[in-house]
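First listed ligand is number 1; within each ligand, the first listed atom is number 1.
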Amino acid sequence: MRTRATRPRRAIWLVALAVCAALIGVLAAQPRIERLYLRQAGAEDAATLRLATQVLRGALERTEALPALLAERQILHQTLAEPENEGLVPFTNEMLRQAALSLDVSDIYVMDLDGRTIATSNYRSDTSFLGRSFSFRPYFTDALGAGLGRFHALGTTSGQRGYFFAAPVIDNTQIIGVVAVKLSLDGFEEAWAESASTIMVTDINNVIFLSDRPEWHFRTIAPLPDAALEEIALTRQYPAERLRPLSLRTESLDPDLGFGLELLEVGDETFVNQTALIAAAGWRVSILTPTGPATQQAWTTVSLLGLVIVIAGLILASVLGRRARLMERLAAEQSLASLLEARVTERTAALKSEVEERRATEDRLRATQKELVQAGKLAALGSMSAALSHEFNQPLAAVKAYAENAGTFLDRGRSSEARENINRISGMADRMASISRHLRNFARRPQDRTGPVSLKSVVDDAIELMQPRLRAVDLHYDCPPDEIWARGGPVRLQQVVVNLLGNALDAMEHMENQRIEIALTGGDDPKIAVRDFGPGLSEDALEQAFDPFFTTKDPGQGLGLGLSISYNIVRDFGGQLAASNHPQGGAVFRIILEAADPAPAEVAAQ
Ligand code: ADP
């Protein structure tokens with residue numbers, strides 16, 4: 001139980017630990033993720049870099065050929081030949097202006113061998129080159145020496161940055177002057193400024209020449225050698241006072257590769273830097289992609305990953321928690337079930353022992369009953385022997401006395417007295433025979449057949465049998481005219497009626513007016529009722545009259561078997577024998593029998 005509950009709790013702790021570890025892992029992976037986004041941002045800006053480089057290169061290449069082409073124009077030859085010709089120079093100026101406009105360059109100008117400008121497209125401007133000398137510019141000297149001069153610089157007159165191409169004007173193998181074309185570069189920066197990224201062009205000396213960030217113009221990204229500084233001053237390429245280093249720090253984004261993208265920190269800004277070369281101009285074009293969005297994206301990704309991990313952890317924890325609760329419930333149910341099972345087993349065992357106890361009790365009860373029956377039998381035997389010994393001892397004692405007396409009388413010759421005694425002995429023997437018969441009737445069932453019996457004849461016969469004792473009695477016999485048939489044995493039924501009449505006579509023995517009423521009724525349960533007008537049944541007699549050997553009569557007067565025998569006889573017929581006291585005094589005994597059809601054969605057998 002305890003281990004089951006703690007296991008899921010431990011699992012939840014493990015999940016929490018795993019979530020923390022995953023969060024730390026994701027945090028640790030942030031720089032890598034950031035680099036991924038930085039590389040992606042750089043890759044996206046690679047196209048911009050390519051385009052900017054191509055545009056720049058295209059413009060330079062297109063302009064590069066122009067001075068040579070222009071140098072072949074005869075008008076320039078003429079102008080160089082007659083620089084003071086007031087009719088020709090303005091014409092040339094205008095022609096150059098038109099050419100500059102149509103060729104989309106900022107300036108075209110012609111210089112004599114001293115570098116002095118004798119005709120220029122910007123003749124109308126306040127900053128006209130007319131009369132100005134550019135002999136200090138390398139493109140001039142290069143054009144004179146090598147045929148093509150090229151140079152980029154901040155315009156000393158215009159203040160505009162430009163790329164200068166120059167070619168000699170040759171007349172019959174003789175260089176008579178130089179024609180120069182200036183391409184203004186300020187316009188490119190305007191286009192670059194629209195992009196979120198910064199573009200910068202550095203020259204061979206690592207001076208930022210072009211950039212959509214004006215504050216970076218002419219800043220250096222690497223220390224300038226003294227020779228280069230001198231050269232710049234000599235050619236007046238850049239304003240010397242602005243050549244200050246730009247504080248920056250680089251770090252490769254692909255340290256394993258050793259080339260490609262790099263991180264560039266400029267001041268407090270960080271960029272992804274990638275470069276392309278314009279070899280002819282000695283330029284390096286760089287595109288600087290701000291790292292801010294990529295960093296932010298990386299943090300967003302890290303946060304999302306963290307959130308996903310936390311949510312996954314929560315889900316897992318809730319699943320584990322639910323599982324834990326389920327397991328706890330299952331365990332509780334299981335323990336409840338086992339508790340119930342234990343109780344059922346306990347109860348079953350208790351029931352079993354109870355059943356066994358009851359069985360034992362039943363056995364004991366049966367044994368006790370047997371003992372009681374035995375005791376009852378012994379008690380009956382006891383009371384019977386007491387009754388019998390009394391019944392037999394008295395006549396036996398009398399017989400003995402009479403026999404002795406008879407002997408004495410015979411010795412004395414008094415034969416008549418002796419005979420009298422012998423007669424008495426005979427009477428005693430009759431009495432004992434009668435007792436013996438009674439006992440036999442009680443013990444054995446008489447061989448009397450059961451069948452339809454005429455109650456009238458039964459009662460008539462009984463009255464006749466009892467006639468000697470009934471003579472002094474007022475007998476009322478209520479007899480219906482029709483025969484009443486009941487199921488029974490005629491002799492035994494007669495014996496019952498005789499017994500009832502005898503008891504009635506005994507009860508009224510000392511009364512002067514003795515009266516007996518016999519009533520016969522038919523129907524479904526035919527009855528014979530015998531009522532006397534004696535003292536009625538005592539309380540004990542009402543309870544025990546039918547018990548064998550119950551008697552209230554004096555010793556020698558009754559055995560207490562009459563009613564008991566009668567009761568069993570009537571019960572054998574399927575009927576009942578009931579005793580009660582009549583409300584107006586006296587006892588009433590009712591023999592209630594089952595009605596029977598008088599079948600002729602049965603009737604004949606009566
Ligand atoms: P016994 O006549 O030998 O005593 P019974 O079984 O016939 O035996 O009767 C039992 C007892 O019932 C009698 O002793 C008597 O007390 C009582 N008894 C029977 N019949 C009557 C009656 N008609 N009136 C009063 N008591 C009676």
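- In this structure, Phe589 and Phe546 have perpendicular ring planes: the angle between them is above 60°, well past the 30° mark.
- If you check which protein heavy atom lies closest to atom 27 (C) of ligand 1, you get Leu537 CD2, 3.7 Å.
- For atom 11 (C) of ligand 1, the nearest protein heavy atom (residue, atom name, distance) is Phe550 O, 3.9 Å.
- Below 3.5 Å of separation, one finds an N or O of Lys553 facing an N or O of ligand 1.
- The pair Arg358-Glu362 does not meet the salt-bridge criterion, since no charged nitrogen lies less than 4.0 angstrom from a carboxylate oxygen.
- Between Arg469 and Asp506 there is a salt bridge, since at least one side-chain N of the basic residue sits less than 4.0 Å from a carboxylate O of the acidic one.
- Annotation: side chain to side chain contact (heavy atoms under 4.5 Å, CB included) contacts of Thr198 (sequence neighbours excluded): Ser211, Asp212, Arg213, Trp216, Phe271, Leu288.
- Nearest to atom 23 (N) of ligand 1 by heavy-atom distance, out of Asp532, Val588, Leu563, is Asp532.
- Protein heavy atom nearest atom 4 (O) of ligand 1, with residue, atom name and distance: Thr551 OG1, 2.6 Å.
- Summary of contacts: the protein heavy atom closest to atom 24 (N) of ligand 1 is Ala507 CB, 3.3 Å.
- When each of Leu493, Val453, Val496 is tested with Phe573 by the rule side chain to side chain contact (heavy atoms under 4.5 Å, CB included), just one qualifies, namely Leu493.
- Tyr477 places a side-chain heavy atom less than 4.5 Å from the side chain of Ile463.
- Taking 4.5 Å as the limit, every side-chain heavy atom of Val498 sits out of range of all side-chain heavy atoms of Asp461.
- Atoms of ligand 1 lying under 4.0 Å from any heavy atom of Gly558, numbered from 1 in the order shown and given with element: 3 (O).
- Of the protein's heavy atoms, Gly560 CA, 3.3 Å lies nearest to atom 8 (O) of ligand 1.
- Of all atoms in ligand 1, listed by their number and element, those nearer than 4.0 Å to a heavy atom of Ala504 are 23 (N).
- For atom 14 (O) of ligand 1, the closest non-hydrogen atom of the protein is Thr552 N, 2.8 Å.
- Residue Ala541 has no nitrogen or oxygen atom sitting less than 3.5 Å from a nitrogen or oxygen atom of ligand 1, judged on distance alone.
- Contact annotation: the side chain of Leu470 approaches that of Leu505 to within less than 4.5 Å [non-hydrogen atoms, C-beta and beyond].
- Each of the atoms 25 (C) of ligand 1 lies under 4.0 Å from some heavy atom of Gly536.
- No heavy atom of Gly586 sits closer than 4.0 Å to any atom of ligand 1.
- Under the side chain to side chain contact (heavy atoms under 4.5 Å, CB included) criterion, Glu594 pairs with Arg487, sequence neighbours left out.
- The protein non-hydrogen atom at the shortest distance from atom 7 (O) of ligand 1 is Asn503 ND2, 2.8 Å.
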